Protein chains: 2
Amino acid sequence: MLETFETVSKAVADPSRVRILKLLEGGELCVCQVTAVLDLAPATVSKHLAMLKIAGLLQQRRDGKWVYYRLAERELNPCARKFLGLIGGCLNEDPTIEEDRRMLALVNAVPVQVLCNEGRAALASNAPASKAPSCCGGPS
Amino acid sequence: MLETFETVSKAVADPSRVRILKLLEGGELCVCQVTAVLDLAPATVSKHLAMLKIAGLLQQRRDGKWVYYRLAERELNPCARKFLGLIGGCLNEDPTIEEDRRMLALVNAVPVQVLCNEGRAALASNAPASKAPSCCGGPS
DNA sequence: CCATCATTTCGTCAGTTATCGAAATGACGA
DNA sequence: TCGTCATTTCGATAACTGACGAAATGATGG
């Protein structure tokens with residue numbers, strides 16, 4: 001029991017992994033989507049996801065080339081359930097978490113295939129229109 | 001906020017520190033009492049306690065030579081409060097935690113001064129009477 | 001004042017962890 | 001069957017952490 005608690009609490013005791021958990025509160029995401037939001041190397045993100053899964057906090061689903069992760073629902077681990085509940089009630093107004101949610105909105109506006117090919121570059125065109133002076137979408 | 005969460009969750013993500021928190025659910029204890037139960041070096045215990053205090057999970061009180069720690073009550077940190085609540089509902093049947101509680105009962109049966117002088121040796125006489133064959137307290 | 005003693009801080013060591021790039025895996029489509 | 005591509009695993013590196021003994025701190029009691 002203490003060992004399980006340790007596994008889960010260590011999994012949660014890292015900002016990148018907490019950001020992932022908060023992202024997944026909005027529904028499942030594939031690895032490349034999470035990677036695009038966090039702006040980390042795919043290998044790093046994959047490892048974080050694996051750790052969260054081992055702790056019983058996440059579940060996995062494969063769909064073609066892509067692997068989707070989501071918050072564990074029927075997880076057998078009562079400790080993990082408690083931690084998920086705690087995190088659900090936390091950090092909802094944290095600047096980093098809010099920024100991640102904004103970034104996620106951009107990510108969701110792009111098909112997964114495009115995102116995987118282009119990475120964060122795929123988001124630029126849909127971004128807050130900070131540039132693009134000449135045409136398309138000006139105040140008319 | 002994320003930073004605070006990280007501090008608190010890292011503080012909780014260590015078995016020794018969780019054992020301390022569970023011990024203190026029974027009320028305040030001085031450093032040497034915690035040290036006797038955990039069977040770690042005083043410096044190590046002091047560091048753990050300091051970390052838990054910085055995270056807002058513990059409060060401190062000095063009484064003469066001794067420093068007493070207790071679970072934070074009026075702590076301003078909502079994150080710490082949530083974690084304390086979670087831990088309060090966890091691990092109550094964990095073998096290590098139960099053993100710590102048994103050891104704490106022995107520790108509480110000894111005056112603090114004696115405990116500080118003799119360390120764990122002060123507990124032997126009150127222990128499950130595994131030795132002491134000749135006199136005093138036989139079944140008679 | 002000074003010695004004592006509980007606690008804390010300092011310095012160090014071994015073990016762990018987050019991160020990355022490179023290579024391996026595994027599923028899809030030609 | 002073979003190449004492509006998302007994901008994972010491997011290997012290495014830098015930073016962090018838990019543990020300890022030794023020294024510093026700080027309050028008590030003579």
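If you're wondering where the values come from, they're calculated on a predicted model, not measured in any experiment. Below, chains carry the letters A, B, ... as their sequence lines are ordered, and counting in each starts from 1.
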Would the distance check show the side chain of B:Arg17 and the main-chain N or O of B:Val12 forming a donor-acceptor pair, the cut-off being under 3.5 Å?
no
In whole angstrom, give the distance that lies between atom CZ of A:Arg62 and atom C1' of C:dG26.
6 Å
Got a sec, which residues hit salt bridge (Lys or Arg N to Asp or Glu O under 4.0 Å) with B:Lys82, two or more places apart in sequence or on another chain?
none
Over how many whole Å does the gap from A:Lys10 atom NZ to C:dG15 atom C1' extend?
12 Å
Ionic contact status for B:Glu98 with B:Arg101, cut-off 4.0 Å:
no
In whole angstroms, the gap separating C1' of C:dG26 from CG of A:Asp63 amounts to 15 Å
Roughly how far, to the nearest 0.5 Å, is CZ of B:Phe83 from SG of B:Cys90?
11.0 Å
Length of the line joining A:Lys53:NZ and D:dT7:C1', which is rounded to integer Å
13 Å
Please report the distance, rounded to the nearest Å, between CG in B:Asp14 and P in C:dT16.
13 Å
Which of D:dT7, C:dT8, C:dA6 is nearest the side chain of A:Trp66? It is D:dT7
For the backbone of A:Pro42 and the side chain of A:Ser46, can you confirm whether one donor and one acceptor N or O come within less than 3.5 Å of each other?
no
Closest approach to the side chain of B:Arg17, judged atom by atom: which nucleotide of C:dA18, D:dG18, D:dT8 is it?
D:dG18
Report the distance from atom CG of B:Leu29 to atom CD1 of B:Ile20, rounding to the nearest 0.5 Å.
10.0 Å
Between CD of A:Glu6 and C1' of C:dT16 the distance, given in whole Å, is 11 Å
Is the phosphate of C:dT8 approached by B:Tyr69 (side-chain N or O, under 4.0 Å from OP1 or OP2)?
yes
If only side-chain N and O atoms of A:Gln60 are considered, is one of them under 4.0 Å from the OP1 or OP2 phosphate oxygen of D:dT8?
yes
Which nucleotide in the list C:dC5, D:dT7, C:dT17 gets nearest to the side chain of B:Lys65?
C:dC5
Starting at atom CE of A:Met51, determine the distance to atom P of C:dT16, rounded to an integer number of angstrom.
14 Å
Sorted by number, the residues of residues 27-49 of chain A with heavy-atom contact under 4.0 Å to DNA chain C
A:Leu40, A:Ala41, A:Ala43, A:Thr44, A:Lys47, A:His48
Taking only N and O in the side chain of B:Asn117, is any of them less than 4.0 Å away from OP1 or OP2 of C:dT4?
no
I need the full list of side-chain hydrogen bond (donor to acceptor under 3.5 Å, both in side chains) pairs touching residues 24-40 of chain A, with sequence neighbours left out, sorted by first then second residue.
A:Lys22-A:Glu25, A:Glu28-A:Arg61
Rounded to whole Å, how long is the line connecting atom CD1 of B:Ile20 with atom C1' of C:dT7?
14 Å
